[in-house]
Each structure stands twice: as structure tokens, then as C-alpha cells.
There are 4 protein chains.
Amino acid sequence: MGTARGPQTTGSDERNAARLSARRAQILDAATSVFARLGYHGSRMDDIVQASGLSKGAIYWYFKSKEEIAVELVRQLLHDEEQSLAGEPAAGGDAGARLSAMADDFSRSLRENPSRAPLALELLSLGQRIPAIKKHFTDYHETYVALLSDLLRAASGGAASTQQIRAGALALAAMVDGWALHEALITTPSGHRDGLGEAVGILVAGLRSQV
Amino acid sequence: MGTARGPQTTGSDERNAARLSARRAQILDAATSVFARLGYHGSRMDDIVQASGLSKGAIYWYFKSKEEIAVELVRQLLHDEEQSLAGEPAAGGDAGARLSAMADDFSRSLRENPSRAPLALELLSLGQRIPAIKKHFTDYHETYVALLSDLLRAASGGAASTQQIRAGALALAAMVDGWALHEALITTPSGHRDGLGEAVGILVAGLRSQV
Amino acid sequence: MGTARGPQTTGSDERNAARLSARRAQILDAATSVFARLGYHGSRMDDIVQASGLSKGAIYWYFKSKEEIAVELVRQLLHDEEQSLAGEPAAGGDAGARLSAMADDFSRSLRENPSRAPLALELLSLGQRIPAIKKHFTDYHETYVALLSDLLRAASGGAASTQQIRAGALALAAMVDGWALHEALITTPSGHRDGLGEAVGILVAGLRSQV
Amino acid sequence: MGTARGPQTTGSDERNAARLSARRAQILDAATSVFARLGYHGSRMDDIVQASGLSKGAIYWYFKSKEEIAVELVRQLLHDEEQSLAGEPAAGGDAGARLSAMADDFSRSLRENPSRAPLALELLSLGQRIPAIKKHFTDYHETYVALLSDLLRAASGGAASTQQIRAGALALAAMVDGWALHEALITTPSGHRDGLGEAVGILVAGLRSQV
DNA sequence: GATGAATGAGAGTTCATTCAT
DNA sequence: TATGAATGAACTCTCATTCAT
């Protein structure tokens, strides 16, 4: 009688599961481009409907609200980010060089995907009102800072104190997010590309020089 | 003369000018606290009405739209910020120490005024859809980076190249804004207060150590 | 497909088309009575909502604005009017008698539908600010004058010049609309019903008597 | 103590009376042009304020509401009209010719003062919701029809019945107002100027030809 | 008398969400 | 499952009117 209120896992063979995640991905893709273009508050559900090629009802079948779409979007973006972070330390080699490389990678990805920074800023500011989003960012931040700490410790060659390592890691994390923020918001004719890796190098050198 | 829309500048003696700016300040103060608490999109004009103690009509007498309030708010905040920046270089002394001091000041002000970072993040993200706001941030950024460059040049004792100086200044600016962003968004039980000044010191040391 | 705004024409079988025009008719009927009663500017969307038995959202699903409702109302009223005009000349017989009959019909319809003249006046005056409405009236007027010219030519038995025919047709059209206007606006205790047909007869006689 | 609620006649010497009517005229002039341009509902009190060169308070000192301005405007326009009508019959001569002349005068005045017809239509439609305006139009109409009846009686040379005279007069009045209405609303490339006088001539001829 | 800042009820419109089919 | 028509609370902004000065 009653119609269930979301995607059914009951009696779900693999077909169902596949469709389910395909649909959700379809919706999240649409939301990604729409949010990046119009911002969360500037986007109407109808925009997502149109961009996804699905119907309004379908959207609400797979997500219970606009907010839930944003939350899931953040979860997925940060999950992917953590995945690629997880691959990082596996690669051996000079820690300082790896930090610089990570910075350059990040810098390049901002340039290659121009909607990334704007979207991130949009979602970041959403975090202030949506606890689930805030939690995801906080969790990711923790992981990220831990990784940076490890790399900084290795890169500083034992010259820096634990407190300095922590300060450096927090500063690096802030620098990276701040860089993205400026990328999204500041229009510079000259452009400030490619300086991030260099800055990381300088900071590492500073840590190393501590007596 | 005719009363068209908004406060009259015609025949304005000092009384009028005083009332005008008092009213605008009253409204901007209200908007500041409301935006900080609820966010721009979460704030209704009625919230500002209530917080200001004025009537709806009065708000629209002094500002033509909600957006204009936000723009003026940003303009004023950044104007004040530039003013206090302008006082900085006047003080002589060690440039490196001054940079650290600025960082600590900033860090402390975030702590003492807990709504500052959230409000900033909110307004920052507005900049993506409101060109006038974006322009204000861009202009401020330019000034800020120029100041940081001067200080870094002095602090590095000639050891760093122009390019390194620039990268460092951009990195510092990013670090500061990113720090505020994390302050607004990341809930850490331990807290990461007071690390900013230290991080700046490390970065300066790094610049100095460049051969 | 996407649900953007307004009823879908995509995949519309007859059911859909039927519902669509039923709903629009429902809204236009409501608007007709509300506009007649309160005038366009005196009517609130909520009045139409209430009169239609639909919700506010439904109204805006079928019409994008209050103005569009008025435009469509005019379009439909004049379309119907043209339809009944089109039937006129088909009937043979004495042209003069037919003109008088048309006048009497018009006169009677004003009496039988007391809200017709007030509504017409309301919409007429809207035409001054809404170009689409003005266009509809202009087009209708052209058709109407052409028909009157044909009838007058036939009725005058060749006695009148082309210029006189045209002047007479314009005068007749003006007389008819002016009659409605007075019906809507002038409160005469005696009433001036039934004089229109007679007046038309006099004018025709005048045309015939031209040497 | 208490401030009176309108222009004072107390202690009024002629100076006061003169100022009073000058001010009211100033306001009515402004309202005339503003209403003609924007329509009654499209005009804001601020528009009248601006056009009059007075202050908002002054407007409300001389008129108690926007509606009262419209009412007084109609009263004055129709009063002037009646005045010039009153001069008409004084001039002797052929009644038919005089009717045609009146029509031509009217036609010319519409052409020379292009805002007249639009303004009239606007005020006419206001009459439907503002009883005082309706009353003014009704009274004027009565006077006008009486005059037309007199002229038609004289012009018809006794050939027409009282009923025919009355129908003719009502028809003429309708024709004239309808003509103005079309002037305001219908955009014809060819233009239909100068046909009104001719049409009146035809109608008179028709009355004369009645046996 | 005159000014224009201030009021606040209410207008048209939007849009996240629901639900009959 | 899927659709898109329907809902209605809530929004920003307007503007006739008032009143302290």
C-alpha cells in the first residue's frame, strides 16, 4: 500500500544497487555543476532537475532534500580527496620534495578545474549552517593535518619541535585552503599561479633551519 | 525639492549628515550581528529590522536592497582593516618580529571576536555572486600583499629573490585567510590557537635561509 | 525531462492538453469575475487564488504573472468576439437591418451581462500600459472596422463615398465602444437602453441620403 | 497646539486664498502630467512630488490623499469642459454646422494635446471604483447630452421624433467618447483623423431624412 | 505652513517539498 | 519507481500616509 520513502534495498539484487548509485551519481554530478555555477542558494531544485536529466520526483526519491544533496556532495568530494591523500605517503622519497609536489598538484588541479575553488568556497560557507558538512570538513582537516605533520617531521630532519611541526602543519593546511579561496575570489591580471609549491619549500626550509 | 528615494544630500547641514551616518551605522551594526548569526541567506530583512530597532521602511530609506547592505558592510570592514594596516609600517623595528606580531594580533582578534571569522567567510562567499564585494576583496588583497612583500623583503635580509618574496607574500596572505576560514569552520577540541605567529616566524626563517 | 517552469508540452497526450486548458480556463474564469468586481489593480493574486479554488503556486504554474493573465484574458475575449463576428456576414439579407440587429445584440448582451462593460473598460485602460493588450485591441478593431465598412457599403446602396464609408465605420466602432463605456460609467435613472440600434439606423439613413 | 489638518481659511486675506489655489493648481498640473504619463496606479506620490517641485508634506497639506487629487482633477477638467460647452449654443447659426464644428474642434484638440485621450481613459476607468469621479462624469454627461439634444433637434428640422433625438444625442456622446478611447488605444498607421466631423454630418443627415 | 524621515501593511512572486497518478 | 502538477509559507521590496521638527 504505502509507498516507501526512498530507494529500496529490499529484494535488491546487484542491478538495483547499480541503478541506485548511478542515479545518485547522476544527481550529484548535476548538483556539482549547478552549485558551482549558481551557488547553493542561487540554485533551484529545478536547475538540478534540468541538469540531471531526471524528473523532480526522481531527485526526491534519491535524496530527501536539497541540503542532503549538498551534504553528500561534500562527503564524496572529501572522501575522494582522502583517497588520493592515502596514496601519497606510500610513495617514498624526500618528504620535502613530496610536499612541494603535493602543493603543485593542488595548484594545477585548481587551474585545470576552474570551478573547483568556487564550488569549494560555496560548500565551505555552507558548513557554517549545516553541521553534517562542518563535520566532514573537520574530519578531513584532521586527517590532512596529520599527514602534513608526518611529512613535515620527516622533511625537517628532526630540527623542529613537536609544537613547531604542528604549527607548520596547521599553517600549511590554512595556506592551501586560503590559496583556493583567493583563487576563487581574487581576480589578478598577473595571476599568482605556481607560487604555492615554492612557498611550501620556503616553509620547509624554515623548519629545517630551526636550531 | 522632490523626495524621490533615499536620504537627501540637498541642503544637508551637519545635523543631517550626522543623522544619516548614524542611521546607516545603526543598520550596518544590526546587519553585522544578524549576518554573523544567521548568514546572509538565512537572514531576513525582518531580522535586520528587528535588530536595528528601525522600521522596514527606514532600512530601505538608507539602503536600496539587502545586497547593498552587504556590499557596504564589506566596504566598511575592509576600509577599517586597511586603516589599521596603514598604521603598521610606521612602527619601526625588526620586520620579522613585526610580521609575527601582526599574525598574533590577527589570531587574538579572531579569538576575542568570535563572530568575526564566520562573518568573514559568509561575506567572502558572497563575493562570488556580487561583483562589488569581489572588487573590494581584490583591492584589499592587493594592498595587503604589497605590505607583506615589503615586510618580507626587509625580514629576509636580502637573501630571497623577488619571486620568492612574492610567493611568500601570497602564501602569507593565503595562510591568514585560510586560518580564519578554519577558525570559522573547524571544531578542534585541542584548539590550534597561537600557532599562526609561530608559523609566520618559520616562514620568515625559511626565506632568510635561502642561498 | 526537466521540470522548469510551467506546464509541459512534451509528451502531452490529449489528457494533458485537456487538463491544461481546463486549468487555464478555470483561472481565467476566476480572473474575469475578480477583475470585473475589483478592477485589475484592486485585485490581489490571492483573490484570484480564492476565486479559482486553486493554490497560489498553481496559478503561477499556468501563468507567469498577473499581467499575463490579463493579456490572455483580453486575447480570449477578443478571439471569441471575432468568432461571432465571422458568423455575421454569412447571414444574407438587408445590410442595414443586420447592422441594427448587431447593435441590438450588443446592447442586449451588455444588459444581460452587467459585468461585461466594466470589465471591458478595465481591460481597455490596461491597454495603455501593456503593449500586448493594446495590440490585441488594435487588431480586433481593424477587423471590426473592416466588417462595418462592408456592411455600410452594402447598406448605403452606393450613395456614399469610400471616405464617407470609412468615416461611418470608424464612427460606428467608436459609438459602440463609447456606448459600453457609458454603460459602465454613467448611472442614469431613466436608462438609455435600446437606443443604439436606432442610432445605427439613423446613421445608415444618413449615408443613404448622401447625394 | 494642535496643527490643523489642511489649508487654513482662518484669518485668510486674499493673499492666502491666492496661495492656496496656486498651490493646488501646481499640484494638479503635476498630477495631470504624471497620471497621463504613468497612469494613476503607475504614479507614486513621489512622482507628483517631484513633478510639482513641492515637498511630500505640502502635497498632503493641500490634498488629503492621492485619490482626492484624482477626484479634483476630474472635477476641474469637466468643469472647464462645461464652461466651453456653455459658450457653444450662444453662437447662432446652423445647428448642423455647429455640431460638425464641435466635433472637429474635439478631434483637433485630441490631436494637439496627445496626452488628453490617455489621461481621460485613465480617469474614466478610475470612475468605476471612485464614486465621486463617477458622479462627475455622470453629471457632465447629462449636461452634454442635453446640449446635443438641443442642437440635434434644431438640426433635424423637426423631422425627428423626441425618441430619435434622444437616441441620436446618446449616440453622439458615445461616439465622441469612443473616438477618444480609440485615439488613446488604437495605433493605426493610416490614422483616422478628421472623420469625426464627417460622421456627425452623416448622422444629422440621417435624422433630417426621417419621415 | 513646510519638510522629508519614518512607518508598516501588504503586494507579487519564488521555490523546496509533496503526492496523486 | 517515476512523473510533474500542485502546494503554501516565506521572501524582498513598495509606497500611501503620518508626524516630529
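Residue numbers begin at 1 in each chain, while the letters A, B, ... track the order of the sequences. Not measured: the values here are computed from a predicted model.
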In whole angstroms, how far is the [atom2] atom of [N] from the [atom1] atom of [X]?
{"X": "A:Lys64", "N": "E:dC19", "atom1": "NZ", "atom2": "P", "answer": "16 Å"}
{"X": "A:Tyr60", "N": "F:dT7", "atom1": "OH", "atom2": "P", "answer": "17 Å"}
{"X": "B:Leu38", "N": "F:dC11", "atom1": "CG", "atom2": "C1'", "answer": "15 Å"}
{"X": "A:Ile27", "N": "F:dT1", "atom1": "CD1", "atom2": "P", "answer": "13 Å"}
{"X": "C:Leu54", "N": "F:dG8", "atom1": "CG", "atom2": "P", "answer": "11 Å"}
{"X": "B:Tyr62", "N": "F:dC13", "atom1": "OH", "atom2": "C1'", "answer": "18 Å"}
{"X": "C:Ile59", "N": "E:dC15", "atom1": "CD1", "atom2": "P", "answer": "18 Å"}

Any idea which of [options] is nearest the [X] side chain?
{"X": "A:Lys56", "options": "F:dG4, E:dA5, E:dG8", "value": "F:dG4"}
{"X": "A:Trp61", "options": "F:dA6, E:dG4, F:dT1", "value": "F:dT1"}
{"X": "B:Ala58", "options": "F:dT12, E:dT3, E:dT7", "value": "E:dT7"}
{"X": "A:Ser55", "options": "E:dG12, F:dT3, E:dT3", "value": "F:dT3"}

For A:Tyr40 and A:Glu67, what are the C-alpha separation, side-chain angles and deciding distance, and is it a side-chain contact (heavy atoms from CB on, under 4.5 Å)? CA-CA 9 Å; A:Tyr40 178 78; A:Glu67 181 171 317; 3.7 Å; yes

Within the structure provided, determine whether D:Tyr60 and D:Met45 are in side-chain contact (heavy-atom separation under 4.5 Å).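 With C-beta onward as the side chain, the pair touches.
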
Check whether any side-chain nitrogen or oxygen of A:Arg23 sits under 4.0 Å from OP1 or OP2 of F:dA2, and answer yes or no.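 Answer yes for this pair, as a side-chain N or O of A:Arg23 is under 4.0 Å from OP1 or OP2.
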
Are any of B:Arg44's side-chain N or O atoms less than 4.0 Å away from OP1 or OP2 of F:dA10?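 Answer no for this pair, as no side-chain N or O of B:Arg44 is under 4.0 Å from OP1 or OP2.
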
Select base, sugar-phosphate, or nothing to describe what B:Lys66 touches, counting heavy atoms under 4.0 Å on all strands.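 B:Lys66: backbone/sugar contact only, no base atoms under 4.0 Å.
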
Taking NZ, NE, NH1 and NH2 as the nitrogens, is one of them in C:Arg129 or D:Glu122 under 4.0 Å from a carboxylate oxygen of the other?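 So C:Arg129 pairs with D:Glu122 through a salt bridge.
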
Please figure out whether C:Arg19 or B:Gly57 has its closest DNA chain F nucleotide nearer the 5' end.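 The 5'-side residue here is C:Arg19.
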
Once you round to the nearest 0.5 Å, how far does CD1 of A:Ile59 lie from CZ of A:Phe63?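 That separation rounds to 8.0 Å.
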
